[in-house]
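These notes are about the structure you will find just below.
Start at 1 and go down the list; that is how both ligands and their atoms are numbered. As the structure is a computational prediction, the values presented were derived from the model and not from experiment.
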Amino acid sequence: MAFLEIVIVTSLALWLIYKWLTIRDDEFKKRNIPYEKPYPVLGNFGNVVMNKKSATKTIVEFYKRNKMHKIVGFFNFRNPVFFINEPELIKKITVKDFDHFPNHTPFINVDGDPLLAGMLNIMKDQRWKDMRNTLTPVFTAAKMRNMFPLMNECFNECIKNLKMQLPNGSCELEMKQFMTKLSNDIIASTAFGISTNSYEDPNNQFYNVGQSITRFRGTQMFKFMISNVAPWILKYLGMKIFDKEKTDYFTRLVIDAMKYREKNNIVRHDMIQLLLEAKKDSAQHWSDEEIVAQCFIFFFAAFENNANLICATSHELMSNPDVQQRLYEECLEIKEELQEQPLSYDIANKMKYMDMVLNETLRKWSIAALTDRVCSKDYKLTDEEDNLVFEFKVGDRVWFPISGLHMDEQHFENPEEYIPERFSDDNKGNIKPFTFIPFGAGPRNCIGNRYALMQAKAMLYYLVINCKLERSENTVKDIFDDMRGFNVSPRGGFWIRFVSRN
Ligand code: HEM
Ligand SMILES: *[C@@H]1O[C@H](CO)[C@@H](O)[C@H](O)[C@H]1NC(C)=O
Ligand SMILES: *[C@@H]1O[C@H](CO)[C@@H](O)[C@H](O)[C@H]1NC(C)=O
């Protein structure tokens, strides 16, 4: 009898484990949507977790194999998501019928962590709308203009450090490390109100804590994966994705700065200041924690992305000397116009070719490989002729393959080539709407795009005006092939030789 029981219990347990391991494979079958056979547990991201490929490459290849379908099924670990390949449908979901898809799916499990749950990208529905309205004034051109001098201090420190390495006329640098320091100092100054100099003091606390939080490798990657596959494990173990001491460090910085400023009437044109003002002006009574949460997401969104954008552009300038030369000539004109005055927001924005160059980097490199929405009201998706395409149900997740669209030869001829001319006045009208969406689309798009572009334009101006960017012996040959995980960054780094122009 006992033996029979053991057999029954064991088979039942095995069956349950099997059921859990095998992904909700029939989800797409039932809904009549094509999909590719997933790995158990890891889904269609198997190659990313096993460190064989980057997420970007995985998405681009998946898109290319499946772009004949308007909608195709993809397993994000165990969760089924609907890939929307057709630009017109992306427009419908992100703009016209935004009401049915107002939220992102949290990229991490935020249960029981108010700091993470309060971040703008995680917030939902009305609460999101209120916070977004509170934050929108923080990112206007006028506010960016005021913030620019704070950034300029950081650029100057960066260039000073570069020049120190140039006594012999040239030096080799790993750009990612070099630009991460800049990214760090700028975010510390403009978002957290503290001044750091990561070039002179590479071991400052802000830098170390930031680095350990943004590295989605090792244990961090593992916890991230668990939170996707089985969030209850983390909960059961009482673990959080980010160590409490680290999040506490950032929280204290912001709260202390806010208190100090209110008490001493100090005005500094940074985000803490703007958030304090926004907090006063808005009808909502945002708590300190909710404000801190926004600094936190700005940190996440800015830290890697901004450094990657500058690194990728530098790499392309190095690989395309004619593009670099043309950009240099534009920078020279600006330099003459400035006549020793410091660079400003408006002047940085006047550089037309620079804008084309950055757009081309955003296209070819898609700093964000994809973005998502989740359905909050049942929705019948129809095409231009009003034919029913698909019925979405509450809870369905949709993904937009940003990197896939950007690398589609139907939308961009010779997509592997770096051609800023695609964005010239003559050509940019030919770009099909919703095929170029580096910052997403609709009311839920990236709130920080101005900030990101401002930083990148100014930094590239300083680099190009001072140095010629050349290949070095350490430059990785195939950068795309060398990337891993969810970072747009090659394992071998971004090596560049800087040759002084003066
Ligand atoms: C090259 C740099 C950047 C890229 C490529 C980028 C890209 C994106 C994308 C694709 C989204 C999702 C949009 C959508 O789903 O439609 C997003 C959202 C967001 N980004 Fe950025 N971003 C960048 C820099 C920044 C910076 C510097 C900040 C803040 C200072 C920022 C703050 C945010 C926030 C808060 C959201 C969520 C918005 C919401 O849910 O309402 N981003 N970003
Ligand atoms: C410059 O050249 C000298 C002599 O060749 C060398 O000793 C020194 O290390 C070089 N400096 C840098 C920063 O590369
Ligand atoms: C670059 O792209 C942005 C949208 O991300 C657009 O507003 C801007 O006009 C583009 N610039 C050029 C020169 O096409």
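Remark: the S403 side chain and the K57 side chain contain no N/O donor-acceptor pair separated by less than 3.5 Å. Side-chain atoms of R422 and N359 form no donor-acceptor pair, as typed in the model, at a separation below 3.5 Å. Side-chain atoms of S198 and D185 form a donor-acceptor pair, as typed in the model, at a separation below 3.5 Å. In this structure, a donor-acceptor pair under 3.5 Å is absent between the side chains of N76 and N44. Side-chain atoms of T180 and Y207 form no donor-acceptor pair, as typed in the model, at a separation below 3.5 Å.
Distance from atom 34 (C) of ligand 1 to its nearest protein heavy atom, with residue and atom name: I447 CG2, 3.9 Å. Closest protein heavy atom to atom 20 (N) of ligand 1: C446 SG, 3.2 Å. When hydrogens are left out, the protein atom nearest atom 1 (C) of ligand 1 is L309 CD2, 3.8 Å; that is the closest non-hydrogen contact. The protein heavy-atom contact nearest to atom 2 (C) of ligand 1 is N305 CB, 3.5 Å. Considering only non-hydrogen protein atoms, atom 37 (C) of ligand 1 sits nearest to N121 CB, 3.6 Å. Annotation: atom 7 (C) of ligand 1 to nearest protein heavy atom, P438 O, 3.7 Å. From the protein, the heavy atom lying nearest to atom 14 (O) of ligand 3 is K428 CD, 3.2 Å. Protein heavy atom at the shortest distance from atom 4 (C) of ligand 1 is F439 CE2, 3.4 Å. Of all protein heavy atoms, the one closest to atom 8 (C) of ligand 3 is N359 ND2, 3.8 Å. For atom 30 (C) of ligand 1, the closest non-hydrogen atom of the protein is F139 CE2, 3.8 Å.
For E360 and R363, the salt-bridge test passes: some basic side-chain N is under 4.0 Å from an acidic carboxylate O. Ion pairing of K64 with D408 is absent here, as no side-chain N (NZ or NE/NH1/NH2) approaches a carboxylate O to less than 4.0 Å. By the 4.0 Å N-to-carboxylate-O rule, D97 lies too far from K377 to be salt-bridged with it. One finds a salt bridge joining D482 and R491 here, because a Lys/Arg side-chain nitrogen approaches an Asp/Glu carboxylate oxygen to under 4.0 Å. Checked for salt-bridge contact, K352 and E330 miss the test: no charged N lies under 4.0 Å from a carboxylate O. Taking the charged nitrogens against the carboxylate oxygens, D481 and K53 have no contact shorter than 4.0 Å, which rules out a salt bridge. The pair E337-K350 meets the salt-bridge criterion, since a charged nitrogen lies less than 4.0 angstrom from a carboxylate oxygen.
No part of Q455 comes within 4.0 Å of ligand 1, judged by heavy-atom distances. At a heavy-atom distance under 4.0 Å, only side-chain atoms of H104, from C-beta outward, approach ligand 1. The part of Y451 lying near ligand 1 is the side chain, judged by heavy-atom distances below 4.0 Å.
Contact annotation: M119 has no heavy atom less than 4.0 Å from any atom of ligand 1.
Applying the 4.0 Å criterion to heavy atoms of R132 picks out, from ligand 1, the atoms 38 (C), 39 (C), 41 (O). Contact atoms of ligand 1 toward R444: 13 (C), 14 (C), 15 (O), 16 (O), 39 (C), 40 (O), 41 (O) (distance under 4.0 Å to a heavy atom of the residue). Close contacts of ligand 3 with F423, meaning ligand atoms under 4.0 Å from a residue heavy atom, involve 12 (C), 13 (C), 14 (O). Set against the non-hydrogen atoms of L120, the atoms of ligand 1 under 4.0 Å away are 35 (C), 38 (C), 39 (C), 40 (O), 41 (O). Of all atoms in ligand 3, numbered sequentially from 1 with element shown, those under 4.0 Å from a heavy atom of F436 are 2 (O). Here is the list of ligand 1 atoms found below 4.0 Å of a heavy atom in A302: 27 (C). Numbered from 1 in the order shown, with element, the atoms of ligand 1 that lie under 4.0 Å from a heavy atom of A301 read 24 (C), 25 (C), 28 (C), 31 (C), 32 (C), 33 (C), 42 (N). Counting the atoms of ligand 1 from 1 in the order shown, those under 4.0 Å from a heavy atom of A441 are 16 (O). Atoms of ligand 1 lying under 4.0 Å from any heavy atom of G440, numbered from 1 in the order shown and given with element: 10 (C), 13 (C), 14 (C), 16 (O). The contact set between ligand 1 and A368, taken as ligand atoms under 4.0 Å from a residue heavy atom, comprises 10 (C).
Figure legend: cation-pi geometry between R450 and F139 absent, as NZ or CZ is not positioned both under 6.0 Å from the six-membered ring centre and within 45° of its axis.
To the nearest 0.5 Å, the span separating CD1 on I479 from CD on E316 amounts to 8.5 Å. Here L338 contributes atom CG and S344 contributes atom OG; the two are 7.0 Å apart, rounded to the nearest 0.5 Å.
For a threshold of 3.5 Å applied to N or O pairs, the pair formed by W128 and ligand 1 contains at least one separation below that value. Residue D355 has at least one N or O atom closer than 3.5 Å to an N or O atom of ligand 3. Among the atoms of G448, none of the N or O lies under 3.5 angstrom from an N or O of ligand 1.
With atom 15 (O) of ligand 1 as the reference point, the heavy atom nearest to it among I367, T371, N445, I186 is part of T371.
Ring pair F392/F82: centre-to-centre distance below 6.0 Å.
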